[in-house]
Amino acid sequence: MKTKQIKMMFFVLIVVSALIFRPSEAQMKIQSWICSSEQIAPIVNVSGCFDALKLALGSEKFVRLLSKDCCNAVNILPHCLLIVSPGVEYNTIVLRDLCSQ
């Protein structure tokens, strides 16, 4: 290979690797929408609420497990993404809809 070709290949390699390892703006925006531990404190403080929400999100027949105190805590939550399990997050609007059933 000629020197010009080697330099060009090296430049292309640097550009491609920079694009691969740089987080996209969309990923950074999603990270800012995830609920913090302070934001989910109302549902954590109600005994069994978080587990009842996980079950209700999995199947409609478990919606009856949501207590009135749990639904009151859900209605206090701000709009954010609640991480239910690794890789699975739900908007708090969905949780409010479960409580309104």
Side-chain angles (χ1 to χ4, degrees):
M1 287 184 145
K2 295 182 183 177
T3 307
K4 267 187 164 181
Q5 289 175 329
I6 293 173
K7 287 181 181 178
M8 185 55 104
M9 294 277 286
F10 185 69
F11 177 73
V12 169
L13 178 67
I14 290 173
V15 170
V16 168
S17 62
L19 290 174
I20 289 174
F21 296 115
R22 184 175 157 243
S24 71
E25 292 178 17
Q27 287 175 331
M28 290 188 284
K29 288 181 182 178
I30 288 175
Q31 290 296 325
S32 66
W33 279 92
I34 294 177
C35 297
S36 66
S37 57
E38 294 86 25
Q39 290 173 319
I40 63 168
I43 61 171
V44 172
N45 292 336
V46 176
S47 177
C49 184
F50 190 74
D51 293 328
L53 284 170
K54 287 193 324 188
L55 287 172
L57 287 166
S59 176
E60 291 286 323
K61 66 181 180 179
F62 293 115
V63 173
R64 61 183 171 77
L65 297 176
L66 297 174
S67 66
K68 186 174 182 174
D69 292 335
C70 184
C71 284
N72 289 337
V74 167
N75 288 328
I76 295 172
L77 294 176
H79 293 291
C80 57
L81 294 174
L82 178 68
I83 297 177
V84 177
S85 61
V88 179
E89 54 274 324
Y90 288 96
N91 196 316
T92 53
I93 296 171
V94 174
L95 303 177
R96 289 188 184 117
D97 288 342
L98 280 175
C99 282
S100 66
Q101 292 179 358

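Because the structure is a prediction, the values reported are computed rather than measured. Throughout, residue positions are numbered sequentially from 1 according to the sequence presented.
In this structure, the side chain to side chain contact (heavy atoms under 4.5 Å, CB included) partners of F62, at least two apart in sequence or on a different chain, are L55, S59, L65. Qualifying side chain to side chain contact (heavy atoms under 4.5 Å, CB included) partners for F10, counting only residues two or more places apart in sequence or in other chains: I14. By the side chain to side chain contact (heavy atoms under 4.5 Å, CB included) test, K7 is found to be paired with T3, residues two or more places apart in sequence or in another chain being considered. Every side chain to side chain contact (heavy atoms under 4.5 Å, CB included) that C35 has, sequence neighbours left out, goes to Q39, I40, C80, L82, T92.
Closest approach of A73 and P42 over heavy atoms only: CB-O, 3.5 Å.
Using a 4.5 Å cut-off on side-chain heavy atoms (C-beta onward), L53 and V84 make no contact. E60 places a side-chain heavy atom less than 4.5 Å from the side chain of V63.
If you take CD1 on I83 and OG on S85, they are separated by 9.5 Å, rounding to the nearest 0.5 Å. Atoms CG and CG, from L66 and N72 in turn, are 11.5 Å apart once rounded to the nearest 0.5 Å. To the nearest 0.5 Å, atoms CG (L81) and CD1 (I93) are separated by 9.5 Å.
A continuous path of Ile, Leu, Val, Met, Phe, Trp and Tyr side chains, each step under 4.5 Å between heavy atoms, connects V16 with F11, placing both in one hydrophobic cluster. Note on V88 and L57: same hydrophobic cluster, where clusters join Ile, Leu, Val, Met, Phe, Trp and Tyr whose side-chain heavy atoms are under 4.5 Å apart, directly or indirectly.
Chaining together hydrophobic side chains whose heavy atoms lie under 4.5 Å apart leaves V46 on its own. Under the 4.5 angstrom side-chain criterion for Ile, Leu, Val, Met, Phe, Trp and Tyr, I76 has no cluster partners at all.
SG atoms of C99 and C70 are separated by 2.5 angstrom or more, inconsistent with a disulfide link.
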